[in-house]
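Just so we're on the same page: letters track the sequence lines, and every chain starts at 1.
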Amino acid sequence: MKPFTYERARSPAEAAAAAARRPGAKFIAGGTNLLDLMKLQIEVPAHLIDVNGLALDKVEPTPEGGLRIGALVRNTDLAADERVRRDYAVLSRALLAGATGQLRNKATTAGNLLQRTRCPYFYDTAQPCNKRQPGSGCAAIGGFTRPLAVIGGSEACIATNPSDMAVAMRALDAVVETVRPDGTTRSIPIAEFHRLPGGTPHIETALEAGELITAVTLPPPAGGRQFYRKVRDRASYAFALVSVAAVVQRDGTGRVALGGVAHKPWRVEGAEAELRRGAKPAMAAILDGARPTPENAFKLALAERTLASVLAEARG
Amino acid sequence: MKFDTPAGANPIDQLKVVGQPLDRIDGPLKTTGTAPYAYERHDVAPNQAYGHVVGAGIARGRVTAMDIAAARAAAGVIAIVTTLDTPRLAKAKRNAAPLFGGAEIQHYHQAIAVVVAESFEQARAAAQLIRVSYAREPGRFDLAAAAGSAPLVGGDSEEGSGAPPEDRRGDFEGAFGAAPVRLDQTYTTPDESHAMMEPHASIAAWEGDRLTVWTSSQMIAWGKADLATTLGLPPEKVRLVSPYIGGGFGGKLFLRADAVLAALGARAAGRPVKVALTRPLVANNTTHRPATIQRIRIGAGRDGRITAIAHESTSGNLKDGKPETAVQQSKLLYAGANRLTAMRLAELDLPEGNAMRAPGEAPGLMALEIAMDEMAEKLGLDPVRFRILNDTQVDPEHPERPFSHRQLVECLSRGAERFGWSGRNPKPGERRDGRWLVGMGMAAGFRNNLLTKSAARVRLDREGIVTVETDMTDIGTGSYTIIAQTAAEMMGLPIDKVRVRLGDSDFPVSAGSGGQWGANNSTAGVYAACVKLREAVAQRLGFNSADAAFAEGMVRAGNRSAPLGQAAGEAGLVAEDGIEYGDLAKRYQQSTFAGHFVEVAVDAATGETRVRRMLAVCAAGRILNPKSARSQVIGAMTMGVGAALMEDLVVDKRLGFFVNHDLAGYEVPVHADIPHQEVIFLDEVDPVSSPMKAKGVGELGLCGVGAAIANAVYNATGIRVRDYPITLDKLLDRLPEMA
């Protein structure tokens with residue numbers, strides 16, 4: 001771990017301003033991902049700004065009939081929130097499918113959105129990785145790709161986003177609220193929050209330097225039956241090979257977002273019209289343009305079959 | 001004590017303490033975190049500094065330069081020892097590649113430096129500042145590609161299984177060609193990591209030219225000898241201490257870089273140094289279970305009797321490494337007049353392959369017991385019935401040599417009855433429970449019982465307390481407890497009057513923990529020492545030792561009696577002896593047997609397999625402590641679930657290393673993967689094994705489990721997977737069509 005300096009922020013705007021003043025600064029909340037990466041010297045912030053003291057830990061109703069989730073709401077608390085369980089069940093289920101009880105107690109809403117890939121080559125500092133060290137190359141391409149992306153990848157990076165929570169939020173059309181170093185705020189639709197790798201896989205979100213997430217807003221409840229099906233190699237405490245977040249209405253329409261397949265939660269709104277025709281045409285449209293490797297091509301069939309299973313359950 | 005004739009009646013047969021399901025005497029220490037592991041021995045040497053090991057970032061080639069200036073200048077750094085300023089250390093007997101020294105790199109994460117600093121964090125941060133230049137050389141990393149040209153190589157795991165390069169009985173090819181029912185299939189098992197909870201860790205302290213290392217080692221005497229060789233020290237100058245161990249599974253049988261670099265770091269720093277290997281180094285710097293490619297051919301008559309059986313296995317290793325002895329059990333498990341086994345060894349530039357729990361049999365049975373399931377199906381026979389039909393009570397390669405005690409048939413019959421095997425639908429893919437496809441599978445379990453000498457010292461004090469000292473280790477198996485039970489039984493004491501001290505090279509040399517030989521041999525050594533102590537007690541009390549009876553803390557002979565402690569006097573009484581074995585292992589084949597039964601459910605959509613029920617019926621001689629033995633077996637069954645369904649050290653065949661080198665990437669079962677597990681021990685004593693009449697059981701519990709699961713997946717889905725682990729991607733394209 002590289003030595004670093006540390007401060008506690010007193011307000012979101014001050015935190016953002018402080019981050020802009022100190023190049024190489026990072027915000028720290030739960031630290032469940034950042035500290036591990038710092039120990040491995042994959043993340044080497046010179047300065048940490050602790051945001052835990054900011055009063056961003058409430059889940060509150062919005063005037064529009066949705067929910068505003070503070071950036072510091074812990075994953076455990078969010079999953080257990082009565083309104084979330086009742087009106088946004090896909091989110092509660094996604095949260096509980098992730099990590100372990102201990103980690104969820106510590107991990108925050110904003111931190112979950114910012115967790116970094118689990119590509120094994122990203123974790124081995126002896127190997128080139130464009131995400132860890134821009135321009136160094138990608139050891140994963142041509143290597144062990146079974147857990148990696150099948151769609152939206154680039155010549156520079158085929159890593160996946162490991163979050164479950166973000167997949168559910170993508171299906172729910174969540175909006176990320178932030179404050180910038182100059183004190184202005186903005187709202188970023190979750191569809192635009194995570195980026196594809198392109199030639200700059202080290203830039204993973206739309207956040208600008210110093211910009212701090214303050215909340216995630218959910219629109220009014222989408223209704224329907226809500227599912228989060230996470231498929232993995234063991235029953236718990238593993239990242240998704242493929243996950244399906246789905247909101248299915250009585251009339252067979254709905255929304256679907258996928259985890260484990262791309263650099264960001266994967267949703268193609270235009271493909272959702274196919275849902276009424278079944279999983280096969282819907283998934284074909286959702287994963288149109290996929291470029292899997294021989295090792296991870298199974299994810300295409302797996303995603304389709306998992307969606308079929310979800311749709312069958314929704315009908316039943 | 002020489003053990004060369006089968007045991008008669010002896011004090012152990014009383015079973016007042018031995019054979020009782022007693023709690024582990026180290027249990028409270030373990031559960032309260034007060035059993036210190038090697039890295040936690042803050043008390044043993046003052047002023048400890050922290051060492052961090054740097055592993056090579058290439059798989060093969062040379063280190064051309066190391067820039068340590070920034071690391072040397074970093075906060076808290078005391079010393080840096082690099083491989084370039086250390087002449088290559090001698091390679092000890094049990095290491096395939098040198099552990100340190102010189103420019104040449106033989107495998108990924110081979111140690112190239114240790115950075116010693118005032119704190120752990122400082123040592124790690126400084127280590128990351130070292131810049132290394134390499135000259136890469138091409139390496140061989142692909143077992144399948146190398147298998148075709150791999151030569152025949154014999155080998156012994158030193159863990160109880162071995163085979164010559166090729167072994168033939170009768171005319172295999174002729175009999176196989178003539179057999180009306182034949183199977184010829186190839187199976188593969190992947191590289192696996194021991195993935196024990198406690199990583200390899202050591203604290204080293206020098207006093208002049210004497211070195212003490214507090215470490216985590218299964219085999220104290222091996223570690224001491226190999227550390228002395230590696231450092232060029234006389235063995236009597238080296239002491240190893242390892243009383244508590246957080247799991248080993250074979251990964252801590254051998255000296256590794258933690259002990260060596262703690263010693264070198266301590267010498268450079270001039271003070272004690274502690275070192276723990278990081279998870280990536282556990283995978284790529286230490287040993288692993290090597291991958292295998294196994295071809296099995298079985299020929300049988302229409303009556304189901306095997307006439308020809310061949311098992312050939314190919315594995316890879318570093319130049320001086322050994323083959324995985326996966327054919328071993330196929331020499332002994334089933335009858336058949338015409339037989340062939342062969343092992344081939346490809347030279348690879350991956351980290352060293354070596355023993356992991358039940359080396360040989362664990363991967364060997366993963367293949368053989370699928371083959372038996374496939375053969376039973378071809379014959380139209382129930383898999384249990386097919387195995388029973390081919391039972392043998394003699395070594396099939398040497399029919400003049402009987403098994404000392406073999407209850408495989410009883411294990412299988414009892415297991416089938418208990419598990420409800422008759423409810424299994426022999427037609428696969430027929431049983432459905434909602435979205436789950438449900439199936440049952442079974443396999444035979446087999447693991448040899450090894451006899452190896454083992455010594456102990458026993459002391460009696462005036463309070464009537466007996467203290468046992470032996471370099472035996474307890475790697476979580478229950479050694480402390482069964483040794484205490486043995487001494488208590490022998491000396492007529494309750495278990496709380498016995499103290500046990502383990503894992504110190506100053507104590508008499510024991511069998512150590514490996515090859516499931518620890519329990520039987522180490523307690524037999526304690527038995528021998530206690531026999532000697534009983535004689536000394538009788539003599540001190542003036543009793544005729546043949547008449548003396550030891551019970552309730554008293555010694556009685558005729559109408560005389562005295563408290564045991566009285567014999568000790570002021571100075572106490574000490575006796576030391578060990579067990580040594582004659583030729584009983586040659587005259588009799590000694591093995592342990594099991595029947596494994598499993599029910600699985602496979603998600604018809606996703607192919608995710610979930611184990612629903614497991615049963616093991618074990619025949620393994622006298623069970624010294626049913627509670628700790630059961631724990632061993634359910635732990636082994638859990639490991640079998642891992643091997644069957646998820647464990648896979650993935651090789652990057654271009655770069656030559658195990659990619660998923662941490663516990664996030666290398667998945668082992670979690671609680672949610674493990675269902676109800678039942679274990680039955682057959683009531684058995686084997687007087688040929690030792691005075692304890694016990695055998696090993698800790699590895700038997702693993703042997704066969706993987707295949708039982710594979711066979712259950714087949715029964716559930718109709719999909720036969722022959723390449724472990726059985727992950728969902730291998731099932732997906734053959735699962736039922738989705739609506």
Side-chain angles (χ1 to χ4, degrees), chain A residues 1-4 36 38-42 44 100 118-121 123-128 139-140 142-147 162 229-239 241-242 244 278-280 283 295-313 315-316, chain B residues 55-58 74-75 108-109 121-122 124-125 127-129 132 278 280 284 435 603-611 641-642 645-648 650-655 657-665 667-674 725 727-733 735 737-739:
Chain A
M1 189 180 283
K2 196 175 137 187
F4 57 90
D36 282 353
M38 287 171 67
K39 290 172 190 171
L40 296 165
Q41 218 136 312
I42 294 166
V44 284
T100 64
R118 294 288 168 163
C119 174
Y121 296 91
Y123 273 82
D124 190 329
T125 51
Q127 300 305 326
F144 171 52
T145 59
R146 183 174 180 269
R229 187 74 64 79
K230 181 177 182 181
V231 183
R232 41 190 158 175
D233 286 323
R234 64 181 172 190
S236 178
Y237 201 33
F239 295 96
L241 294 167
V242 162
V244 171
K280 196 183 267 290
M283 198 52 74
E295 238 175 42
N296 66 22
F298 75 93
K299 288 189 177 189
L300 305 186
L302 180 60
E304 181 195 311
R305 296 179 66 93
T306 307
L307 178 61
S309 178
V310 164
L311 294 180
E313 197 178 331
R315 283 195 303 271
Chain B
I58 63 166
Y108 200 75
H109 278 173
E121 290 77 10
Q122 288 171 330
R124 186 176 57 188
Q128 288 160 332
L129 296 173
V132 188
T278 60
N284 280 295
R435 66 181 226 236
D603 188 308
T606 64
E608 291 163 287
T609 298
R610 299 287 179 252
V611 179
V641 173
L645 298 179
M646 62 194 82
E647 290 187 45
D648 182 0
V650 177
V651 180
D652 186 312
K653 297 187 181 80
R654 310 158 305 163
L655 301 169
F657 71 102
F658 297 124
V659 185
N660 51 341
H661 50 43
D662 59 36
L663 292 180
E667 293 183 11
V668 298
V670 295
H671 288 280
D673 290 299
I674 300 305
T727 46
L728 58 90
D729 44 307
K730 295 170 186 169
L731 301 173
L732 215 50
D733 61 353
L735 287 170
E737 281 288 320
M738 297 293 291

message = In the structure I gave you, are the side-chain heavy atoms of A:Arg146 and B:Thr727 within less than 4.5 Å of one another anywhere?
response = yes
ask   = Sequence neighbours excluded, which residues qualify as side-chain hydrogen bond (donor to acceptor under 3.5 Å, both in side chains) partners of A:Glu313?
value = A:Arg229
remark   = NZ (A:Lys280) and CD (B:Glu737) are apart, to the nearest 0.5 Å, by 6.0 Å
key: Non-hydrogen side-chain atoms of B:Thr606 and A:Leu302 separated by less than 4.5 Å   = yes
query = Can you name the ring-ring contact (aromatic ring centres under 6.0 Å, His included) partners of B:Phe658, sequence neighbours left out?
reply = B:His288
query = Hey, which of A:Gly142, A:Pro120, A:Ser309 has the most heavy atom pairs under 4.5 Å with chain B?
reply = A:Gly142
query = If you measure from CG on B:Leu655 to CZ on A:Phe144, what distance do you get to the nearest 0.5 Å?
reply = 13.5 Å
task = Locate the shortest heavy-atom distance separating B:Asp673 from A:Ala235; write the atom from each residue and the value.
result = OD1-N, 2.8 Å
ask   = Does B:Arg654 use its side chain to pair, donor to acceptor, with the backbone of A:Ala139 at less than 3.5 Å?
value = yes
ask   = Is it the backbone or the side chain of A:Leu40 that comes under 4.5 Å from a heavy atom of chain B, or both, or neither?
value = backbone
query = Is there a donor-acceptor pair closer than 3.5 Å between any side-chain N or O of A:Arg234 and the backbone N or O of B:Ala672?
reply = no
message = Measuring only between side-chain heavy atoms, which start at C-beta, is A:Arg305 closer than 4.5 Å to B:Met738?
response = yes
